[in-house]
A.B. asks: 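Questions regarding the structure given below will be posed in turn.
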Amino acid sequence: MTYISPSVLSADFARLGAECLTLERGGADWIHCDVMDGVFVPNISFGMPVVESIRNVTHLPLDVHLMIDRPERYVQQFAEAGADIITIHLEATQKVSETLRAIHACGKKAGISIRPSTPVGSLTPYRGLFDMVLIMSVEPGFGGQQFLPESVDRVRRARQLFPDTLIEVDGGINADNAPSLIAAGADVIVAGTAIMKESDRAAIIARLRSGK
Ligand code: DX5
Ligand code: ZN
């Protein structure tokens, strides 16, 4: 089973509720919310109030990707805003284990993400503390970037190291490169631009999921 988690980063934020409904009707499995703080990444997107607004318009699980410095400060607030899966970056905190445990203590699934330059093996000390690994296939911070081809091998490595964990991949994914990621073992495909630029959301979501 491959899950498709459209990123709303490239949505029209003035029409966010309607955009989420189109994604839900189009067969999206989750909604991916990219939270950026202007510190961990050189861009600012949105925070808890927007996640809460999305929560109020969709039943889909909210896949909240925190690209923020010291995420331990905000885990509980994102949980209360309605996140179902909260993913933090390994590089963003000195308190990795503590933060993953705090996410679980809020009753949420915990994800851990790594930048393209961080070795996949650096996640092994935290085995058992996370439910999902998020392999970034672009440098985090912006939608619409070029997919980094070495990400396919990184997904394969993550699949080998963590056979019982969901493997998600995010950044520059489209119908051309999704099949190689699914074949390498990705369970969850995030796509922003590739989905939002298509008027037929159901068709592109089905195509991404098909792996061909
Ligand atoms: C990048 C974000 C991604 C990205 C997805 O920092 O985490 O979710 O915006 O958008 P596309 O598919 O346009 O790369
Ligand atoms: Zn993301």
Side-chain angles (χ1 to χ4, degrees), residues 2-13 16 19-20 22-23 26 28-48 50-51 54 60-69 71 74 78 81 83-92 103 109-118 130-152 154-155 158 166-182 186-199 201 204-205 207-209:
T2 305
Y3 298 96
I4 305 297
S5 189
S7 167
V8 291
L9 187 62
S10 49
D12 174 356
F13 287 168
L16 197 48
E19 295 269 44
C20 289
T22 322
L23 295 168
D29 298 290
W30 300 351
I31 300 283
H32 185 86
C33 303
D34 284 308
V35 177
M36 304 180 182
D37 67 350
V39 177
F40 180 68
V41 290
N43 196 6
I44 298 176
S45 58
F46 54 79
M48 294 80 76
V50 171
V51 171
I54 297 174
L60 293 179
L62 300 187
D63 170 29
V64 175
H65 178 191
L66 296 183
M67 287 164 275
I68 67 175
D69 183 51
Y74 290 102
F78 280 100
D84 295 282
I85 303 152
I86 300 178
T87 297
I88 62 162
H89 267 264
L90 178 70
E91 308 90 351
I103 296 170
K109 299 279 188 206
I112 182 95
S113 183
I114 46 174
R115 293 177 178 276
S117 54
T118 301
F130 49 78
D131 308 290
M132 184 169 84
V133 168
L134 168 49
I135 301 289
M136 288 306 300
S137 43
V138 297
E139 199 55 53
F142 298 91
Q145 300 183 77
Q146 191 77 28
F147 177 78
L148 297 169
E150 60 269 28
S151 311
V152 177
R154 288 166 59 75
V155 166
L166 286 173
I167 308 296
E168 180 175 55
V169 56
D170 177 13
I173 303 179
N174 54 40
D176 294 329
N177 53 36
S180 59
L181 294 165
I182 294 170
D187 304 290
V188 189
I189 298 289
V190 177
T193 316
I195 292 176
M196 294 304 179
K197 75 176 171 42
E198 299 288 338
S199 53
R201 301 274 155 84
I204 180 66
I205 288 170
R207 190 158 170 225
L208 287 167
R209 190 187 279 113

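Predicted model only: the values in this text are computed from it and were never measured. Just follow the structure's listing: the first ligand is 1, and inside any ligand the first atom is 1. Atom set for the values below is all heavy atoms of this structure, side chains included, hydrogens, waters and symmetry mates excluded.
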A.B. asks: Which residue holds the protein heavy atom closest to atom 13 (O) of ligand 1, what is that atom called, and what is the gap in Å?
C.D. replies: Thr193 OG1, 2.3 Å
A.B. asks: For the OG atom of Ser137 and the CG atom of Asp170, what is their distance to the nearest 0.5 Å?
C.D. replies: 6.0 Å
A.B. asks: As an exercise, identify every atom of ligand 1 less than 4.0 angstrom from a heavy atom of Gly144.
C.D. replies: 11 (P), 13 (O), 14 (O)
A.B. asks: Is Ala194 close enough to touch ligand 1? Criterion: a residue heavy atom under 4.0 Å from a ligand atom.
C.D. replies: no
A.B. asks: In terms of residue, atom name and distance, what is the protein heavy atom nearest to atom 9 (O) of ligand 1?
C.D. replies: Leu9 CD2, 3.1 Å
A.B. asks: Which ligand 1 atoms are under 4.0 Å away from a heavy-atom of Met36?
C.D. replies: 6 (O)
A.B. asks: To the nearest 10°, how many degrees is the angle His65 ND1 to the Zn ion (ligand 2) to Asp170 OD2?
C.D. replies: 100°
A.B. asks: At what distance is the nearest protein heavy atom to atom 12 (O) of ligand 1, and which residue and atom is it?
C.D. replies: Gly192 N, 2.8 Å
A.B. asks: If the contact criterion is a heavy-atom separation under 4.0 Å, does Met196 count as touching ligand 1?
C.D. replies: no
A.B. asks: Among the N, O or S atoms of His32, which one sits nearest to the Zn ion (ligand 2)?
C.D. replies: NE2
A.B. asks: Looking only at side-chain N and O atoms, does Ser45 offer a donor or acceptor that is under 3.5 Å from a partner on Asp34?
C.D. replies: no
A.B. asks: Is the side chain of Arg207 donor-acceptor paired with the backbone N or O of Asn174 at a distance under 3.5 Å, no angle test?
C.D. replies: no
A.B. asks: I'd like to know if Met136 contacts ligand 1, where contact means a heavy-atom distance under 4.0 Å to any ligand atom.
C.D. replies: yes
A.B. asks: Of all the non-hydrogen atoms in the protein, which one sits nearest to atom 1 (C) of ligand 1, and at what distance?
C.D. replies: Phe142 O, 3.6 Å
A.B. asks: Give the ring-plane orientation class for His89 versus Phe40, where under 30° counts as parallel, over 60° as perpendicular and anything between as tilted.
C.D. replies: tilted
A.B. asks: Looking only at protein heavy atoms, which one is nearest to atom 14 (O) of ligand 1, and how far off is it?
C.D. replies: Gly172 N, 2.8 Å
A.B. asks: Tell me whether Ser10 reaches ligand 1 (any heavy atom closer than 4.0 angstrom to a ligand atom).
C.D. replies: no
A.B. asks: List every atom of ligand 1 that sits less than 4.0 Å from any heavy atom of Gly171, numbering the atoms from 1 in the order shown and giving each element.
C.D. replies: 14 (O)
A.B. asks: For ligand 1 and Pro140, I'd like to know whether there is a polar contact (N/O to N/O, distance under 3.5 Å).
C.D. replies: no
A.B. asks: Checking a contact table here: which protein heavy atom is nearest atom 5 (C) of ligand 1, and how many Å away?
C.D. replies: Asp170 OD1, 3.5 Å
A.B. asks: Can you tell me how far the CD1 atom of Ile68 sits from the CE atom of Met36, to the nearest 0.5 Å?
C.D. replies: 12.0 Å
A.B. asks: Any idea which N/O/S atom from Asp34 gets closest to the Zn ion (ligand 2)?
C.D. replies: OD1
A.B. asks: Quick one: nearest non-hydrogen protein atom to atom 6 (O) of ligand 1, plus distance?
C.D. replies: Gly141 N, 2.8 Å
A.B. asks: Closer than 4.0 Å to some heavy atom of Gly143 - which atoms of ligand 1 meet that?
C.D. replies: 9 (O), 10 (O), 13 (O)
